[in-house]
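Before any comments, here is the structure.
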Amino acid sequence: MKGNILGDIRAEHDVSMLESAFWQTIEYKALLESYDRCIIVGRRGTGKSALVHMLSKHWQNRPKTETLVITPVEEQIIGLRDVLKLFGNNYLHVKAGSKLAWRYAIYMEVITSLAAHYKLKSFLDGSSIQSHLIEWGPKKRNIASKIRKKLLSILETDDPNKSPESRIADLSDSFELELLEEVILEATEKANIQFVLFADKLDEGYTPDDLGVAIVDGFIQSVIDIKHSLNEKVIAFAFVRDNIYRAISKNDPDFTRNIEGQTLRIHWDEYNLFNLVCNRLRFAFKTTIENNARVWGGHTADELKGSRGFRIALQLTLYRPRDILVLLNDAFLRAKNQGRNNIILADLNATAKIISNNRLMDLHKEYETVFPALDKFTACFTNISPEMTILQACVLVDVALKMESIASKLILQDLILSNNPNQVIQRLYSVGFLGIYNDESSSYVFCHDGKDPDRDFSDDSKILIHPCYLLALGSNMEMNLAQAEEIHDEYDIEVSSKDQEFRKQKIGSLMSELNTINDGLDDRNEFNSWVFKSLKILLASNLVNIKISDKLNYSTIIARNMSNATVWKEISQVYQTDDIMFDIHNKKLLEKNDYTELATRIDNNKHKIAFIVNRGHDNNISKDREVKWVREIYSEKGIIIIKLSSKFIERQLSKSRNPQKHDDVNKELQKLLSQYHNMWLPKKKK
């Protein structure tokens with residue numbers, strides 16, 4: 001058995017495991033469904049790089065799509081700092097210069113990619129931007145290195161007495177951004193192609209001062225602007241660590257207006273982590289068991305069996321993929337060394353102290369800029385019972401507030417700025433160190449995103465040190481199962497709930513829209529649009545390049561099959577259908593020619609399966625009419641026409657609001673396909 005049985009915690013170092021056992025979270029599907037949120041925020045270990053890899057892989061397989069992954073290099077970002085100092089000490093000036101520079105850099109990466117492509121280069125007007133292409137250099141050089149060189153070529157020749165404001169204004173002219181935009185738009189429209197960019201590891205070379213924050217802020221602003229300036233022919237996503245995002249929110253006066261509404265937060269809960277772990281167990285041990293409870297139970301013993309056992313493991317984590325994978329990798333390695341294939345509680349406890357120390361050090365490092373005195377305050381909770389009142393906790397942190405002989409100016413300033421002990425407790429809650437007891441849910445609530453709390457903190461409120469830090473703080477108190485079940489981890493109370501509510505409201509609105517559409521030709525366009533939007537959401541990760549075309553008596557949706565779920569793999573391999581067709585009819589009763597015309601069109605494309613959508617209440621086909629037509633088409637041409645009702649689509653939309661059922665549509669389509677073969681089609685070899 002290898003050391004990391006459940007895979008390397010760094011996504012880029014274990015691509016095989018990641019691609020084979022990837023768990024599609026709501027965030028992943030949301031990013032496929034729309035471009036509304038292009039800034040993705042998550043703490044360390046929440047799977048940002050895994051998302052980048054899987055999203056870029058998804059788009060790479062889309063026709064008429066080119067992907068670019070941007071990962072700045074540490075030493076070049078450090079060198080870039082020296083150049084951007086020429087824009088002065090004003091945060092907004094540095095941010096403006098940084099935004100222009102990154103925007104130019106992204107434009108040039110797109111243009112370079114076009115110029116290097118054997119087919120696409122013919123659509124590029126290279127003559128008008130030849131000087132930019134020559135100076136920018138080849139694709140293999142890192143983007144940060146190239147933009148640094150470009151900035152130096154412009155700024156080093158400037159008058160040393162020129163003001164930062166003038167430098168920024170002249171920089172825009174030197175970059176010729178409007179010309180580059182025209183060239184990109186012309187080429188992408190002629191080629192009918194879209195570019196999708198992913199920016200990862202923006203913390204490389206990051207220094208938590210105003211200059212460092214402004215460099216990342218400028219990058220984020222450029223990503224937001226590009227989507228609009230290039231008419232979505234180029235879209236970009238930036239993946240940012242929470243501590244950097246918080247620093248931007250503090251420094252940028254335009255944060256609320258420009259950035260906050262563009263943000264999607266990565267949120268993990270017990271359900272998603274359990275599925276992630278079981279997917280990896282299934283791949284690691286080459287088991288074909290589909291039921292996750294049985295997969296987990298097959299590799300655990302004693303107290304760790306069942307969902308309650310998984311919660312015991314989670315109490316040692318901060319509800320992040322990295323944490324649970326490190327813990328279980330070590331546990332399985334210890335079990336293997338003792339000749340066991342199943343892990344037990346002792347395997348977790350054996351490495352719990354090391355993991356606890358690592359989690360506490362991670363916490364200190366992550367928030368050392370926005371909360372410099374954090375380590376001084378957490379040290380106040382050493383060797384004590386983990387549960388206490390806020391009043392008792394205030395007495396403990398008051399000791400740190402009175403410290404004076406501290407060498408670090410930043411820490412001393414942070415202590416001075418922390419007005420009172422109660423405010424410190426709120427800050428410790430905001431970074432997930434302390435949880436507060438919620439009487440309504442009878443559970444401790446923890447916040448893991450660093451956001452300012454919105455809860456009441458009274459003196460007699462009960463608080464708890466997060467269990468994952470207890471061993472690092474010297475607490476020998478072992479939590480029993482009942483206490484473990486009292487822990488309820490709640491991430492970003494406001495923002496993540498808004499993200500989830502935004503999606504629920506969007507889907508709810510789409511569901512209610514169906515009730516306003518009448519059957520028949522008058523509302524045909526409205527129904528076509530409703531089906532189109534619904535299928536884009538439901539099948540976002542399965543079908544791409546979804547387009548709709550209107551004909552005289554019907555409309556057709558055509559989409560590319562990604563073959564990334566069991567039913568869609570079967571449709572591709574068994575039925576030789578990579579372009580999926582959905583005919584839409586805004587009526588309850590379908591006629592024979594609706595079936596035969598669709599069969600003729602897909603037969604011409606040598607495909608063997610298609611869907612027909614109507615205003616029915618279920619997917620059953622009528623025995624006296626539709627069964628005959630379906631059998632006739634199948635017998636003559638070997639083609640299956642599957643009916644989907646609007647009610648079925650509406651029910652699937654409703655289910656998709658629940659994270660536990662967001663992939664239910666594929667399971668139902670698989671059942672429906674089996675139903676056709678078992679009940680309605682004549683026995684014939686496929």
Side-chain angles (χ1 to χ4, degrees), residues 63 524 527-528 530-536 538-540 542-616 618-622 625-649 652 665-666 668-682 684-686:
R524 175 187 156 200
F527 182 62
N528 293 343
W530 183 86
V531 173
F532 180 70
K533 289 184 287 187
S534 298
L535 291 180
K536 278 189 77 173
L538 291 173
L539 301 172
N542 309 117
L543 303 180
V544 299
N545 207 30
I546 302 177
K547 295 176 181 176
I548 187 168
S549 62
D550 291 323
K551 303 297 180 184
L552 184 62
N553 298 319
Y554 61 87
S555 291
T556 300
I557 292 173
I558 300 177
R560 189 72 174 174
N561 182 4
M562 297 290 286
S563 304
N564 57 1
T566 304
V567 65
W568 297 109
K569 283 179 185 174
E570 183 177 347
I571 286 172
S572 175
Q573 295 168 6
V574 178
Y575 302 98
Q576 297 96 49
T577 305
D578 292 324
D579 291 317
I580 309 298
M581 197 175 289
F582 300 82
D583 266 13
I584 310 170
H585 298 270
N586 190 26
K587 57 186 179 182
K588 287 187 176 70
L589 292 178
L590 293 168
E591 298 169 19
K592 184 175 182 179
N593 67 312
D594 297 330
Y595 279 85
T596 55
E597 284 180 10
L598 174 57
T600 300
R601 276 181 280 123
I602 66 168
D603 191 33
N604 291 338
N605 292 324
K606 298 186 174 161
H607 291 158
K608 296 299 177 185
I609 198 167
F611 297 87
I612 192 165
V613 182
N614 77 328
R615 293 297 294 267
D618 56 50
N619 295 335
N620 292 328
I621 54 178
S622 58
R625 291 158 47 86
E626 290 170 308
V627 169
K628 288 183 189 176
W629 308 333
V630 167
R631 284 179 174 173
E632 186 179 306
I633 291 169
Y634 184 70
S635 297
E636 291 179 4
K637 300 182 178 182
I639 290 171
I640 302 177
I641 306 292
I642 294 180
K643 186 175 81 172
L644 298 179
S645 69
S646 58
K647 200 68 180 175
F648 167 79
I649 295 173
Q652 290 304 318
V665 63
N666 287 326
E668 290 300 313
L669 288 175
Q670 185 73 59
K671 288 179 185 176
L672 187 59
L673 184 55
S674 298
Q675 189 174 355
Y676 267 74
H677 279 288
N678 296 332
M679 291 179 59
W680 297 322
L681 294 177
K684 173 182 173 180
K685 285 189 178 181
K686 291 181 277 184

Stepwise side-chain contact (heavy atoms from CB on, under 4.5 Å) check, His607 with Tyr575: CA-CA 7 Å; His607 291 158; Tyr575 302 98; over 6 Å; no
Apply side-chain contact (heavy atoms from CB on, under 4.5 Å) to residues Trp629 and Thr596 and explain how you reach the verdict. CA-CA 8 Å; Trp629 308 333; Thr596 55; over 6 Å; no
Does Leu590 form a side-chain contact (heavy atoms from CB on, under 4.5 Å) with Ile621? I'd like the steps, not just the answer. CA-CA 10 Å; Leu590 293 168; Ile621 54 178; over 6 Å; no
Run the side-chain contact (heavy atoms from CB on, under 4.5 Å) test on Asn605 and Asp579 for me, step by step, so that the C-alpha distance in whole Å, both residues' side-chain angles and the decisive distance to 0.1 Å come before the verdict. CA-CA 9 Å; Asn605 292 324; Asp579 291 317; over 6 Å; no
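Using a 4.5 Å heavy-atom threshold, the side chains of Leu669 and Phe648 count as touching. Between Asn528 and Asn586, the closest side-chain pair of non-hydrogen atoms is not below 4.5 Å. Contact annotation: the side chain of Tyr676 never approaches that of Ile609 to less than 4.5 Å [non-hydrogen atoms, C-beta and beyond].
Lys569 and Ser563 make their closest contact through CG-O, 3.0 Å (heavy atoms, listed as atom of the first residue, atom of the second, distance). When all heavy atoms are compared, the tightest approach of His585 to Phe527 is O-CE2, 3.6 Å. Across all their heavy atoms, Gln576 and Gln573 have their closest contact at NE2-O, 3.7 Å. Across every non-hydrogen atom of Lys587 and Asn614, the tightest pair is O-CB, 3.2 Å. Minimum interatomic distance between Asn619 and Ser645 (heavy atoms only, all atoms of both residues): OD1-N, 2.8 Å. The nearest pair of heavy atoms linking Ile633 to Ile639 is CG2-O, 3.7 Å.
With values rounded to the nearest 0.5 angstrom, Lys533 atom NZ is found 13.0 Å from Ile649 atom CD1. To the nearest 0.5 angstrom, Leu672 atom CG is 6.0 Å from Gln675 atom CD. How far CG of Leu538 is from CD of Glu668: 12.0 Å, rounded to the nearest 0.5 Å. Ile580 CD1 to Ile558 CD1: the interatomic distance, rounded to the nearest 0.5 Å, is 10.5 Å. Rounding to the nearest 0.5 Å gives a distance of 10.0 Å between CD1 of Ile557 and NZ of Lys536. Taking CD1 of Ile612 as the start and OG1 of Thr556 as the end, the distance is 9.5 Å to the nearest 0.5 Å.
At least one donor-acceptor pair closer than 3.5 Å links the side chain of Asp594 to the backbone N or O of Glu591. Between the side chain of Asp618 and the backbone N or O of Asn620, at least one donor-acceptor pair lies under 3.5 Å. In this structure, the side chain of Asp550 does not engage the main chain of Ser555 through any donor-acceptor pair within 3.5 Å. Without hydrogens or angle criteria, Glu626 side chain to Ser622 main chain gives a donor-acceptor distance under 3.5 Å.
Taking Glu597 as the reference, nothing meets the salt bridge (Lys or Arg N to Asp or Glu O under 4.0 Å) condition, with sequence neighbours excluded.
For the residue pair Asp578 / Ser572, a side-chain donor-acceptor distance below 3.5 Å is found, with atom types taken as modelled.
Sorted by first and then second residue, the salt bridge (charged side-chain N to carboxylate O under 4.0 Å, His left out) pairs involving residues 598-608 (not counting sequence neighbours) are Asp583-Arg601.
Between His677 and Tyr634, the two ring planes are perpendicular [angle over 60°; tilted spans 30° to 60°].
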Side chains of residues 542-549: which donor-acceptor pairs under 3.5 Å do they make with residues two or more places apart or in other chains?
{"residue": "Asn542", "atom": "OD1", "partner": "Asn666", "partner atom": "ND2", "Å": "3.1"}
{"residue": "Asn542", "atom": "ND2", "partner": "Asn564", "partner atom": "OD1", "Å": "3.0"}

